[in-house]
Structures are given as structure tokens and as C-alpha cells.
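One structure is given here, and the rest of the page talks about it.
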There are 2 protein chains.
Amino acid sequence: MIIVITMPKLPFKAREKSDCLGARRSTRREAILDVLTSGPGHLSAEEIHKAALKRLPRIGIATVYRALKFLCGCGKAAEFIPADGVARYEPAGSRAHHDHLICTSCGCFIEAVDPEIERLQVRLAARHRFKPSSHKLEIYGLCSNCAGK
Amino acid sequence: MIIVITMPKLPFKAREKSDCLGARRSTRREAILDVLTSGPGHLSAEEIHKAALKRLPRIGIATVYRALKFLCGCGKAAEFIPADGVARYEPAGSRAHHDHLICTSCGCFIEAVDPEIERLQVRLAARHRFKPSSHKLEIYGLCSNCAGK
DNA sequence: GGCATAGTGATAACGATTATCATTATCCCA
DNA sequence: TGGGATAATGATAATCGTTATCACTATGCC
Ligand SMILES: [Mn+2]
Ligand SMILES: [Mn+2]
Ligand SMILES: [Zn+2]
Ligand SMILES: [Zn+2]
């Protein structure tokens, strides 16, 4: 006798979506990911919405927020919240970690990384028996343009 | 002939308040500063309001926000905005700069500072022709308690 | 005491974000 | 190649932290 065991098919709801499996194809999410990767980085949700409207004139702001959360869950985008409390987004995944130098005059973001600082952060955490999973280093000040000359 | 030149008396409005000169005495501000210095640090405005209500049962939340902004302007308090976007406050002035290790499980804040990291941040900024005025380093992860054992 | 005005509290307004819900688009399967 | 299940969407209400408004009170100075 042959016993055939068939796995019950998982409905969409039960599938894992945090890594994009089980998610349906969506022109809005693709457009928003395209805005992230093709435009200048560090955009707010509102700025992303404005840029997306040029491609999909009827896309709503709620969809932008949902898509950004989705893409962050997939690891295709990263969110960070600077001192003004308004979330900003940049493409992620293939991109390496970096910190930000934020100009308080023109608002520009300079991406920078110092391997030695990264290493010392791990040491600092260990010194306090702290298991680090992520960190945020933001340096506020004036970019070379705004500092004059 | 003697010419007497009298300086016009400056009204309150014209006086400098950012360093607390010209400010009237206020039991609310004193209570809030006391909450900051006597309680556990890193409180939100709402938590500060709750603590202040025990001393001044009629103090309003707007007064708390105003007082916190005032105290930050005086240099007697410092505000910082962690990843959840909700501002938190700690006493400042006599206190030295420090960074934060923030537990994502219990929400506790560990204060830490590494002079070498501070130095390297200046170097990193200089490398990008950036004039730093302040910085924020937050390390997220698990405190020794929450990491188990 | 009396005046000018800083400080206060209640509450409305605000901006960013999230929840709700009816409608639409996508996927899977017969 | 439909048709049904349901994920995705857009309009909009709701939420949350924070700020603005305004009538009223407390303070400091003469
Ligand atoms: Mn970046
Ligand atoms: Mn602290
Ligand atoms: Zn600049
Ligand atoms: Zn903890």
C-alpha cells in the first residue's frame, strides 16, 4: 500500500512575508524601490511619495508607508530616524553599513564609515557586557559648502 | 554741563532667556528640573509629567514641554531622540557627554563613553571636510540582564 | 499696591504615521 | 481561460507626540 501525504497548501496569509516570499508582485512596491535606488538617498516618505507620483499618478501615501515597511522587512531598504524625528529611507541589501554626517545648514547627508570606530564600538559594548545588534552614529555640523569656502 | 545718559530699562521680553537670565522664578520649572536630577534619567515628556504631578497636582503637559525646552536652552537639560522618535531628557550642564547603549528588550539605557571613539569621530569628520558640532552614538542590542545570565 | 509681562493650563491644531474598510489586482487552481 | 481566495490599494479616519493659541495667573520691579 502506498500512502501519499500531501502538505496542505498554505494560504497567502500563513506564508512568510518578511523575506518577500509569498508576496504578490506589485507595481507600487517596484516603483518605490526604484525611487530609492535611482534617486538621491535619504528621502522621507513624503519625498518618496512625490517622486513615485511621477511614475504612478494615483499612488497613495498609505501605500508608500506600507511599501517602505515591507521593503525594510525584506532587507531591501533601511530606515533611520535623525534628530528631527522624521524617518528617512535608503536602499539596502547590497549596500554596506555606513554612518552619516548631517549638515544642520543645508540638510545634506554625507555617508562615511571608519572601520576603527566600528571596531571600538564593539569593544565599548563588550566592556558593558552588552550584546550589540545595530548602532547609529550621526555627526551633526556643517558640510564643506556650508562652512564657507 | 553734565550730561546723564540713562540706559532704557530692558523689558522682560528683550532680555536674554536662553541662558536663564531674565527668567522669572517658577515652581514648575524647578519641580521638573528636580524630577530630571533626582529620578532615573532618560525620561520622556509624558513620564516627566507623571512624576511632576506628584509634586504639583495641577501642572499641565504643555508646561512640561515648555519647561523642558527652556531647560535645554539653559544647558540644564539635554534632549535626545532614539530610534522610536520619542524625545527623552536627562539633566545636563555639570554632566559630561556620553553615548547610549539601548536595550531593545527592556528599554534600559546604559551610559558609556570611549575617548578614542570621540577622537576618531573628529578625524572622520575632518576627512570629509565636515565641521562637527555635535554627534549621537546609539548602540542597540541586549543588556546583560536581557541577554540571559 | 499696581503695572507690565512672563508663566500657566486647557485645549485646539499640527505633522507624521498607522488603522480601517470598501474596492481592485494578483495568484493559484480547476 | 475563468473564478475564487486574498493580498494590495487608496481614501480617509484615527492616533500620537508635540506645538500654538488664548484667557488667566503669578512674578518682579517701581
Ligand atoms: Mn546613507
Ligand atoms: Mn544619558
Ligand atoms: Zn551643508
Ligand atoms: Zn535589557
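To find a chain, count down the sequence lines: A is the first, B the second, and so on, and within it residues start at 1.
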[X] has an atom [atom1]; how far is it from atom [atom2] of [N], in whole Å?
X       : N      : atom1 : atom2 : result
B:Leu56 : C:dG7  : CG    : P     : 16 Å
A:Glu47 : C:dT17 : CD    : P     : 11 Å
A:Ile32 : D:dG10 : CD1   : P     : 9 Å
B:Arg25 : D:dC29 : CZ    : C1'   : 17 Å
A:His49 : C:dT17 : NE2   : P     : 13 Å
A:Arg29 : D:dG10 : CZ    : P     : 12 Å
A:Ile81 : D:dC16 : CD1   : C1'   : 14 Å
B:Leu43 : D:dT18 : CG    : P     : 13 Å

Looking for any heavy atom pair under 4.0 Å, which part of the strands does [X] touch: base, sugar-phosphate only, or nothing?
X       : answer
A:Ile61 : nothing
A:Ala87 : sugar-phosphate
A:Arg28 : sugar-phosphate

Between B:Phe109 and B:Phe80 (judged by ring centroids, cut-off 6.0 Å), do the two rings come close enough to count as a pair?
yes
Choose from C:dG7, C:dT17, D:dA8 the nucleotide whose nearest atom is closest to any side-chain atom of A:Ser26.
D:dA8
Does the side chain of A:Tyr65 get closer than 4.0 angstrom to OP1 or OP2 of C:dT17 through an N or O atom?
yes
Taking only side-chain N and O atoms of A:Thr63, does any of them lie within less than 4.0 angstrom of OP1 or OP2 on D:dG10?
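Checking D:dG10 against A:Thr63, a side-chain N or O does come within under 4.0 Å of OP1 or OP2.
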From CD (B:Glu111) to CD (B:Glu90), nearest 0.5 Å:
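Rounded to the nearest 0.5 Å, the CD-CD separation comes out at 5.5 Å.
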Base C:dT5 paired with B:Arg24 side chain (donor-acceptor, <3.5 Å):
yes
Would you state whether a donor and an acceptor, one from the side chain of B:Arg66 and one from the base of C:dG9, lie under 3.5 Å apart?
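It does, because a donor-acceptor pair links the side chain of B:Arg66 to the base of C:dG9 below 3.5 Å.
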5′-ward residue of the pair B:Thr27/B:Gly85 relative to DNA chain D:
B:Gly85
Please work out which of the three classes, parallel, tilted or perpendicular, describes the rings of A:His42 and A:His100, given edges at 30° and 60°.
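Aromatic pair A:His100/A:His42 classed perpendicular.
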Are any side-chain N or O atoms of B:Thr104 and backbone N or O atoms of B:Gly141, one a donor and one an acceptor, separated by less than 3.5 Å?
yes
What's in the same ILVMFWY side-chain cluster as A:Leu137, cut-off under 4.5 Å, chained through other members?
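Grouped by the 4.5 Å side-chain rule, A:Leu101, A:Ile110, A:Ile117, A:Leu120, A:Leu124, A:Phe130, A:Ile139, B:Leu101, B:Ile110, B:Ile117, B:Leu120, B:Leu124, B:Phe130, B:Leu137, B:Ile139 form the rest of the cluster around A:Leu137.
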